[in-house]
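Worksheet: one structure, shown below.
Protein chains get the first letters and strands the later ones, always in sequence-line order, with residue 1 at the start of each.
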2 protein chains.
Amino acid sequence: MTSSETAGRRGRRPGDSQTRTAILEAARVRFAHDGFRAATVRAIAADAGVDPALVMHYFGTKQGLFVAAMEFPLDPAQIVPRIVGPGIDGLGERLVRFLLGLVDELGEANPMLALVRSAVGHPDAARMMREFLGEAILDRVAAAVDADRPRLRADLCASQIVGILMARQVLALPELAAADREILIQVYGRTIQRYLTEPLESPAASR
Amino acid sequence: MTSSETAGRRGRRPGDSQTRTAILEAARVRFAHDGFRAATVRAIAADAGVDPALVMHYFGTKQGLFVAAMEFPLDPAQIVPRIVGPGIDGLGERLVRFLLGLVDELGEANPMLALVRSAVGHPDAARMMREFLGEAILDRVAAAVDADRPRLRADLCASQIVGILMARQVLALPELAAADREILIQVYGRTIQRYLTEPLESPAASR
DNA sequence: CGAGAAATTCAACAGTCGCTGAAAACGAGT
DNA sequence: ACTCGTTTTCAGCGACTGTTGAATTTCTCG
């Protein structure tokens, strides 16, 4: 792809340099595909048509590259109001619709998928996932609904959302991947709505 | 731990040999902790108090060790009837109760967690997870319920179950880990019950 | 007791990984 | 034209990985 006649030679290439963003894009794809540990600096550099040392020059360490690549393309302060704004009714459906739309839109370079895949065996990624999905989005959504135990409700939602990502993208469950999106939005939307609004039974009042 | 005076010397140790099962136990713990890729043969051997070469002698390859370690301690043909037997009513709750009980009971050496953690970046593990959770358990449970699209319903259940494992064990969401088990059983149980029995809206009847 | 099978370790090979230091080629300012 | 900072590659180091072949000790059976 990036095999012009100047690439491969030593020293700076002529013209404007977009190698930094090319590295970031390649990193997002690789991290989303393989997770933090299995994605190698060498492979990312090769995808970007660049020497591995250049990656270290720009981002210092592999971890630094990971943090830079996970910088999310969307600001939670903008998306949360769009989900919460129209009111409690249909909240779960809007959240799931937004999530599935995001997955389709981001394609191979999906930071959320990269975080999920990396969280396994890389605690830093698990923390980043908690901070983004939990604190930045779901905690605010749950707080907007005026119900008891908003933090627990946010965690319940997170468990179903992460499960959707794992089942569709990682496990590749066939019926789930092939299912009509509107059906998934309605089914999962009702689940999220329940986790946000339904009364959480106390164990004493068992049924 | 396993530092008797005979260990470390060359050749066979005196007495009965339980090293094979010790290796399997250490492998389950390591695979559950770190996943297939990050768990090293050397670390597993060290935990078992054994030379890495002995692992290869018994199991051939790291993949062979993985397959042997994932041999599940429970037979699906025995557990599925216990869940389905009492009837449709309370099915979801029984399934979730069984799952959470299993997680507590297995402790650190949890093959399900090992499969989830390994599925990322190791397609063989993803296939094993699909075969065990999907085909061996959930497909049968969903088939016992007489509803349309049983395969899709099984996948929906799988997505929530995998999400529970990820959220509690991998992401370690604090409220979810601290929550009362009976509450989780009831909340998740209702979700599973819905996925198994509720009508799946058609996209044409979008309302 | 003697022989073969089993269990166990040692030492090492070949590959990959993240990372480093130096050198080369280019762009921009004076 | 000269200099300086930026971009880029090269070559390599040290650590770690799965795996192997041979050597050593013990057990088992006749």
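- Checking C:dG18, C:dT8, D:dG18 against every side-chain atom of B:T19, the shortest atom distance belongs to C:dT8.
- Within the structure, salt bridge (charged side-chain N to carboxylate O under 4.0 Å, His left out) pairs that include any residue of residues 70-85 of chain A do not occur (at least two apart or interchain).
- Contact check of residues 55-66 of chain B against DNA chain D (heavy atom, cut-off under 4.0 Å) returns B:M56, B:T61, B:K62.
- Ring orientation note: the planes of A:F66 and A:F31 are nearly perpendicular, at an angle over 60° on the 30°/60° scale.
- Distance CZ (B:F31) to C1' (D:dG18): 12 Å, rounded to an integer number of Å.
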Using atom names, set out every protein N or O paired with an N or O of nucleotides 12-15 of chain D below 3.5 Å, distance rounded to 0.1 Å.
none

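- Residues passing the side chain to side chain donor-acceptor pair (under 3.5 Å) test with B:E93, sequence neighbours excluded: B:R97.
- For A:R37, there are no side chain to side chain donor-acceptor pair (under 3.5 Å) partners, not counting sequence neighbours.
- In this structure, the helix from C:dC1-D:dG30 to C:dT30-D:dA1 shows an angle of 0° between the axis at its start and the axis at its end, each fitted on 5 base pairs and rounded to 10°.
- As a whole-Å value, the separation of B:L54 CG from D:dT20 P is 15 Å.
- Applying the side chain to side chain contact (heavy atoms under 4.5 Å, CB included) criterion to A:D148, with sequence neighbours excluded, gives A:R153.
- In this structure, NE2 of B:H122 is placed 12 Å from P of D:dG18, rounded to the nearest angstrom.
- Heavy-atom nearest nucleotides on DNA chain D were determined for A:A53 and for A:R37, and the one closer to the 5' end corresponds to A:A53.
- For A:R151, the side chain to side chain donor-acceptor pair (under 3.5 Å) partners are A:D139, not counting sequence neighbours.
- To the nearest angstrom, P of D:dT17 lies 14 Å from CG of B:D51.
- Atom C1' of nucleotide D:dT17 and atom CZ of B:R30 are separated by 15 Å, given to the nearest angstrom.
- For residues 57-66 of chain B, the set of pairs meeting the salt bridge (charged side-chain N to carboxylate O under 4.0 Å, His left out) definition, not counting sequence neighbours, is empty.
- B:S159 and A:Y188 form a side-chain donor-acceptor contact under 3.5 Å, judged by distance and modelled atom types alone.
- Within the structure, side-chain hydrogen bond (donor to acceptor under 3.5 Å, both in side chains) contacts touching residues 119-131 of chain A (residues at least two apart or in different chains) are A:Q63-A:H122, A:Q63-A:D124, A:R127-A:E131.
- Residue contacts for B:A38: at a heavy-atom cut-off of 4.0 Å it reaches no nucleic acid atom on any strand shown.
- Taking atom CG of B:D34 as the reference point, atom C1' of D:dC16 lies 15 Å away to the nearest angstrom.
- Residues forming a side chain to side chain donor-acceptor pair (under 3.5 Å) with A:R30 (at least two apart in sequence, or on another chain): A:D47.
- Take B:D146 and apply the side chain to side chain contact (heavy atoms under 4.5 Å, CB included) test, not counting sequence neighbours, and it matches no residue.
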